[in-house]
Amino acid sequence: MIQRRLLLGTLAAPLFAPALARAQTPAWTPDRPLRLLIGFPPGGASDAAVRIIQPRLSALLGQTVVVDNRAGAGGNLAAEAAARSAPDGTTLVSANIGTLAVNPALVRQMPFHPVNDLAPLSLIFNATNVLVVPSSRPWRSVAELVAAAKARPDTITYGTGGVGSPGHLCGILVDKLAGTRTVSVPYRGGGPQMLGLVAGEHDFSFSPMGTVTSHIAAGTIRALGVSTRARAPELPDVPTMIEAGLADYEVLNWDGILVPRATPAPIRQRLGDAIRQVLAEPEIVADFARRGLTPRPTSEAAFAAQLAADSETWQGLIRAAGIEPS
């Protein structure tokens, strides 16, 4: 009996050894500082969100996470730099719906492929876009703005954080649903765009909640509508675009973090887990809320599904609108 037990133990050992080894394998830990690229300059929602989570990510990963703003080309510069980086977990990029889901329809020669060259880790946030106008403009409702745009085609301008940005999408959708022809004025990010709006350089914009509330309170701009299906708690008296007369109007503004596509699964898992843990912390949730952002920790698969759905929706809308890539 003893010999039989010994024999069974000897035969079983090789079968269980690989599983045991896997269970005992320590989680990946970076051996040098990480770079987290942002495709837009300071002052916008993407920059604010990344800088909120950066200290906690550094603490959880045991290495400094260095924030690196690479503004330009609607976020493409930063995304391309990440896509071409070594897939060792030390280079990440924060990219939004415009960069990943919309730019492929607006940029004739994309310098990277959002799916083939980058791997999603987790979404970071959703943000409510607010239709705002400078206080110097006369319009006090969406209907008044639409009437002015119809009366003067190709003259009413709206500022955006760049070609393909969420603010650009909002303007495209207004033209489609309202039958207007407005003119997009791209800036190098949401921060510069908001400064331009306050200065009266353009007629309106759709900007993230976190960048408009202080200006609304100061009276330098006016809010006319929000891009979500429900009213925003921060601006309960401001109607949704649907309530204002544009049926089915909704634009979700999201941002997520990605790494080079060839990054090994254990590294992606470690980074994704850290991001999701940080986004669930009460202090982070509260800090996001103060900026009009809703944390959105997701799995790789959920992020990929969101990207696929929005790519189909927005690229189809852009083609239907006859907008040619440049």
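- In this structure, E312 places its CD atom where only 12 or fewer heavy-atom neighbours from other residues, nucleotides or ligands lie under 6.0 Å away.
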- prompt: Is there a side-chain contact (heavy atoms from CB on, under 4.5 Å) between L279 and I53 once you walk through the steps?
  reply: CA-CA 7 Å; L279 291 174; I53 67 175; 4.0 Å; yes
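- Listed for the R261 side chain is a donor-acceptor partner under 3.5 Å among the backbone atoms of L118.
- A side-chain donor-acceptor contact under 3.5 Å links T298 to the backbone of L123.
- Atoms OG1 and CG, on T90 and L36 in that order, are 12.0 Å from each other to the nearest 0.5 Å.
- Between the side chain of S227 and the backbone N or O of V251, at least one donor-acceptor pair lies under 3.5 Å.
- The backbone N or O of Q54 lies less than 3.5 Å from a partner atom in the side chain of S58, making a donor-acceptor pair.
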Contacts table for residues 179-187: side-chain donor-acceptor under 3.5 angstrom, sequence neighbours left out:
from, atom 1, to, atom 2, distance (Å)
T180, OG1, D175, OD1, 2.7
R181, NE, D154, OD1, 3.3
R181, NE, D154, OD2, 3.1
R181, NH2, D154, OD2, 2.8
T182, OG1, D175, OD1, 3.0
T182, OG1, D175, OD2, 3.1
Y187, OH, E201, OE1, 2.7
Y187, OH, H202, ND1, 3.1

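- Judged by distance alone, with hydrogens and angles left aside, the side-chain atoms of Q315 form a donor-acceptor pair with the main-chain N or O of A101 at under 3.5 Å.
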- prompt: Yes or no on salt bridge (Lys or Arg N to Asp or Glu O under 4.0 Å) for R231 and E243, after CA distance, side-chain angles and deciding distance?
  reply: CA-CA 9 Å; R231 292 196 180 196; E243 291 174 324; 2.8 Å; yes
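- Few gaps surround CZ on R51; more than 12 heavy atoms of other groups in view lie less than 6.0 Å from it.
- Side chain of S85 to backbone of A81: a donor-acceptor contact under 3.5 angstrom is found.
- Looking at R270 and D273, no side-chain N of the basic residue comes within less than 4.0 Å of a carboxylate O on the acidic one, giving no salt bridge.
- Using a cutoff of 4.0 Å between basic side-chain nitrogens and carboxylate oxygens, E80 and R84 are scored as salt-bridged.
- Between the D117 side chain and the H113 main chain, a donor and an acceptor come within less than 3.5 Å of each other.
- Residues that satisfy the ring pair (Phe, Tyr, Trp, His ring centres under 6.0 Å) test with W314, not counting sequence neighbours, are absent from this structure.
- R276 contributes a side-chain N or O that, together with a main-chain N or O of L121, makes up a donor-acceptor pair within less than 3.5 Å.
- Of the possible polar contacts, one joining the R108 side chain to the P325 backbone as a donor-acceptor pair under 3.5 Å is found.
- Side-chain contact between N103 and N76 is present, with at least one heavy-atom pair separated by less than 4.5 Å.
- The backbone N or O of G161 lies less than 3.5 Å from no partner atom in the side chain of R188, so there is not a single donor-acceptor pair.
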